[in-house]
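First the structure, in the form of structure tokens, and then the observations on it.
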There are 4 protein chains.
Amino acid sequence: MKISEMMEQFLNKDEESNMSEKQKKIVKAAIEMFSEKGFAATSTSEIAKKAGVAEGTIFRHYKTKKDLLISIVMPTIIKYVSPFFAKSFVQEVLENKYESFEVFIRKLIKNRYEFAKRNFPILKIYIQEVFYHEELRGEFQNIFLTHVYEKFIKIVKHFQEKGEIAEIPPESVVRMIISTVFGYMLARFLISPETNWDDELEIELTVRFIMNGLKNQE
Amino acid sequence: MKISEMMEQFLNKDEESNMSEKQKKIVKAAIEMFSEKGFAATSTSEIAKKAGVAEGTIFRHYKTKKDLLISIVMPTIIKYVSPFFAKSFVQEVLENKYESFEVFIRKLIKNRYEFAKRNFPILKIYIQEVFYHEELRGEFQNIFLTHVYEKFIKIVKHFQEKGEIAEIPPESVVRMIISTVFGYMLARFLISPETNWDDELEIELTVRFIMNGLKNQE
Amino acid sequence: MKISEMMEQFLNKDEESNMSEKQKKIVKAAIEMFSEKGFAATSTSEIAKKAGVAEGTIFRHYKTKKDLLISIVMPTIIKYVSPFFAKSFVQEVLENKYESFEVFIRKLIKNRYEFAKRNFPILKIYIQEVFYHEELRGEFQNIFLTHVYEKFIKIVKHFQEKGEIAEIPPESVVRMIISTVFGYMLARFLISPETNWDDELEIELTVRFIMNGLKNQE
Amino acid sequence: MKISEMMEQFLNKDEESNMSEKQKKIVKAAIEMFSEKGFAATSTSEIAKKAGVAEGTIFRHYKTKKDLLISIVMPTIIKYVSPFFAKSFVQEVLENKYESFEVFIRKLIKNRYEFAKRNFPILKIYIQEVFYHEELRGEFQNIFLTHVYEKFIKIVKHFQEKGEIAEIPPESVVRMIISTVFGYMLARFLISPETNWDDELEIELTVRFIMNGLKNQE
DNA sequence: CATGAATGAGACTTCATTCAT
DNA sequence: GATGAATGAAGTCTCATTCAT
């Protein structure tokens, strides 16, 4: 699993850059192992060995193994989930600075695609572990509901009023869009990453699939 | 997680019915625990306690813990994946015994829905563990490719030739259908099972979403 | 530290005799080590080695190391503290079946002496650890207050009314008797066990010391 | 446990006053922790945190953790044990500058009481650890035997010759006095420090108890 | 067949101590 | 002198697996 590319992204961001070298190595090793074998099946000694540090060093920085998991995964999730639906963006959409729903959908998919491409190992860890750790679930729901769901619904209603998309319950619209996009990410990066994907094409097809699927059938 | 209902389904099937009472209890307990906590985080002693048998008894029936996982999960997966695309069914579709693509899609979704509803705990285990155990992955790909993929493609091409759906690469069509359906199952049973779902409606919306999404836009 | 003698006492009592051989070995080893090095400074691996069992075996019988401490020490303490002041005995004293306070004191000292002689390693562990573990402290206070203190006070008052001992606050009488007896046990078994003690004489002196100390000075 | 009061006493004495501020903080923290949790159960990092210094700083001043223990406890013990029986004092007693044994006993008890009151945390540490560390035991026996025991015996014999106390083996007399006084200190400061003690009264009762207990019963 | 005590490898974690800064 | 990150040995505890009963 090539991680180095996305590690640059993750580890050298402003906020995390106050990590020591050893800490970065630990986090890097942990991401690789958790992503490969799962959290529960990865031992701290493996992480230490892969990181080239003593096992005790891990626990100097992270009180428990679970701590390590959470402090790796949560910042990424927050960065994944919130910025796209940040107030400023939503405002721009609603104020008609975005010509059409299609533009919005296309931007959404491309953004998610870029992020997933960079951070897939961590997203994978998250997807696996969210079902077993309340802490992850709780925080995510929080973030998702306050930063994404309502705003997403608002945008959908906006374009329904403008007549661009069909009068389906907005909740179902959101569910279907997320399903489709998420399904693409899953197939692309998790299930069949080794396939030769023509991403440009797939994204375009997905946009059209969603647009047609939701189109107002006069 | 209520399992008893689906256990009837699973444990009393012809093939498994040669299980002893104890074996059934073990399998039932293992499914519940694996589904709840994940395979690696579940201990055999927990399973034994929940099943009301001695720890040793588990190992009399299943050589290792992993053995137990595989022998629980694989038959279910096979049953999930293969019958719908069994030769006989595909033949019927291609021989025009099915009036339209829509009928096919609706039947697909309803079938998957019913199966998932009954077997979700096991499917969840599978979804979680497939990424970490080659055995599971290998067998699944095998089954999927030989029993599903080709046949699915064939059906798609058939309806494209008939002009019912757009001329998109059939692989992408398949991917998008699976994404959409799978996304629905995930939301319905894994992410938000406690929500009050109007399944009839959601299924209908999903069918229309897919149909519109793929419609030949003359 | 010779323990075998008292182990006979402790391990083969009716209640404990349902211990397996291994359990007995573990308890025996634990008592020896705790008594020698203290609870916190004794490792479970030392105990296991000395007991000739695998380390895991300890934890099959005692959930934690502290569990082991408590389940060793508490029964002994209960046996040390309660029987002497059991209702039946106290009744006998108060009903004048015991001629004098001196008989009572002599019996008290001899009984404590015999018990301490047999169980000193465990008593030592208790004395050391009671200050750091609330569980021990709480249970002891309970037992002491309900089974010993009140009854002791009653006996003292009884003999004060009979004019055998001076009219000092009974609480102080009890405190001084206990101090004196306890001080003797401490010197005898803990501080200077290797000294050549003439126990008969010392006990007699102690009895007289207490009797004179408390005598009604006409 | 309020320590500040006695710390003044301990840390600002002539000899120790060459300690740096940090050193004093370390010693203070160590005393508090050792007294509360025991030596073995206290970690150097806890001490460092409580003292507000870095972990390494402790080891700059004390080569090992045990070093810290010994250099805290021993000076106090020496101060506890020796001065009262210093040559000059004993001489004064024997040269009849002290009218009676009772005066001696009363002075002894009051002196021990005052010292214990001030230094109980350290005495507690000592009492706990003396049984596990040869160094402590060895030094103490040394000091006790040369500075206390012989002189104490001499004083007892002196008053026995004067007919003030009974002709009991002087060793037993010493043992009983120490037991009684020590028992009082234990009850007062260790076992029941929260009780509302009337110390004046208790000391007086203890003096009389000992005096009567040892009186020459013509 | 079933049991459950026993095992020992290995999990997570703590801690006294060192050492470069 | 002081710091605190790093260490690695050792600690407590868990667990899949075995085997005598």
Requested in this report: Could you tell me from which nucleotide to which nucleotide of DNA chain F, 5' to 3', there is an atom under 4.0 Å from chain B heavy atoms?
Outcome: dC15(F) to dT18(F)
Requested in this report: Write down the distance separating the P atoms in dC1(E) and dT21(F), rounded off to the nearest Å.
Outcome: 22 Å
Query raised in the report: Please, what dot-bracket string fits DNA chain F when only Watson-Crick and G-U pairs with both distances under 3.5 Å count, crossing ones use [ ] and pairs to another strand use |?
Result: .||||||||||||||||||||
Report summary line: So the ring-ring contact (aromatic ring centres under 6.0 Å, His included) pairs with at least one residue in residues 37-68 of chain C (sequence neighbours excluded) are Phe34(C)-Phe39(C), Phe39(C)-His133(C)
Query - side-chain hydrogen bond (donor to acceptor under 3.5 Å, both in side chains) partners of Gln128(D), counting only residues at least two apart - result: none
Report summary line: Of Ala40(C) and Ser43(B), the one whose nearest nucleotide on DNA chain F sits closer to the 5' end is Ala40(C)
Query raised in the report: Between Tyr62(B) (OH) and dC1(E) (C1'), how many Å, whole number?
Result: 15 Å
Report task. Map Ser45(C) and Glu46(B) onto DNA chain F by nearest heavy atom, then report which one ends up closer to the 5' terminus. Result -> Ser45(C)
Report task. List in numerical order all residues of residues 50-60 of chain C for which some heavy atom is under 4.0 Å away from an atom belonging to DNA chain E. Result -> Val53(C), Ala54(C), Gly56(C), Thr57(C), Arg60(C)
Query - Partner of Tyr126(B) under ring pair (Phe, Tyr, Trp, His ring centres under 6.0 Å), chosen from Tyr132(B), Phe140(B), Phe120(B) - result: Phe140(B)
Query raised in the report: Separation of Ile47(B) atom CD1 from dT3(E) atom C1', in whole Å?
Result: 17 Å
Report summary line: residues 64-78 of chain D vs salt bridge (Lys or Arg N to Asp or Glu O under 4.0 Å), sequence neighbours excluded, gives Lys66(D)-Glu135(D)
Query raised in the report: Got a donor-acceptor contact below 3.5 angstrom from the Ser71(D) side chain to the Leu68(D) backbone?
Result: yes
Report summary line: Sequence neighbours excluded, the answer for salt bridge (Lys or Arg N to Asp or Glu O under 4.0 Å) partners of Lys49(C) is none
**Report entry** Whole-Å distance separating the NZ atom of Lys25(B) from the C1' atom of dA2(E)
**Finding:** 12 Å
Report summary line: When rounded to whole Å, the CG to P distance for the pair Asp67(A) and dT14(E) reads 11 Å
Query - side-chain contact (heavy atoms from CB on, under 4.5 Å) partners of Ala51(A), counting only residues at least two apart - result: Lys25(A), Ile26(A), Ala29(A), Val53(A)
Report task. Check side-chain contact (heavy atoms from CB on, under 4.5 Å) between Arg137(C) and all other residues, then give those that pass, not counting sequence neighbours. Result -> Val130(C), Glu134(C)
Query raised in the report: Any side-chain N or O of His61(B) less than 4.0 Å from the OP1 or OP2 oxygen of dA2(E)?
Result: yes
Query raised in the report: Expressed in angstrom and rounded to an integer, what is the separation of Ile26(D) atom CD1 from dA16(E) atom P?
Result: 14 Å
Query - Residues in side-chain contact (heavy atoms from CB on, under 4.5 Å) contact with Glu139(A), at least two apart in sequence or another chain - result: Met74(A)
Query raised in the report: Lys65(B) NZ to dA11(E) P: how many Å, rounded?
Result: 13 Å
Report summary line: Residues at least two apart in sequence or cross-chain that pass salt bridge (Lys or Arg N to Asp or Glu O under 4.0 Å) with Glu129(C), listed by chain then number, are none
Query raised in the report: Is any side-chain nitrogen or oxygen of Lys22(B) closer than 4.0 Å to OP1 or OP2 of dT3(E)?
Result: yes
Query raised in the report: For Lys63(A), what residues pass the salt bridge (Lys or Arg N to Asp or Glu O under 4.0 Å) criterion, not counting sequence neighbours?
Result: none
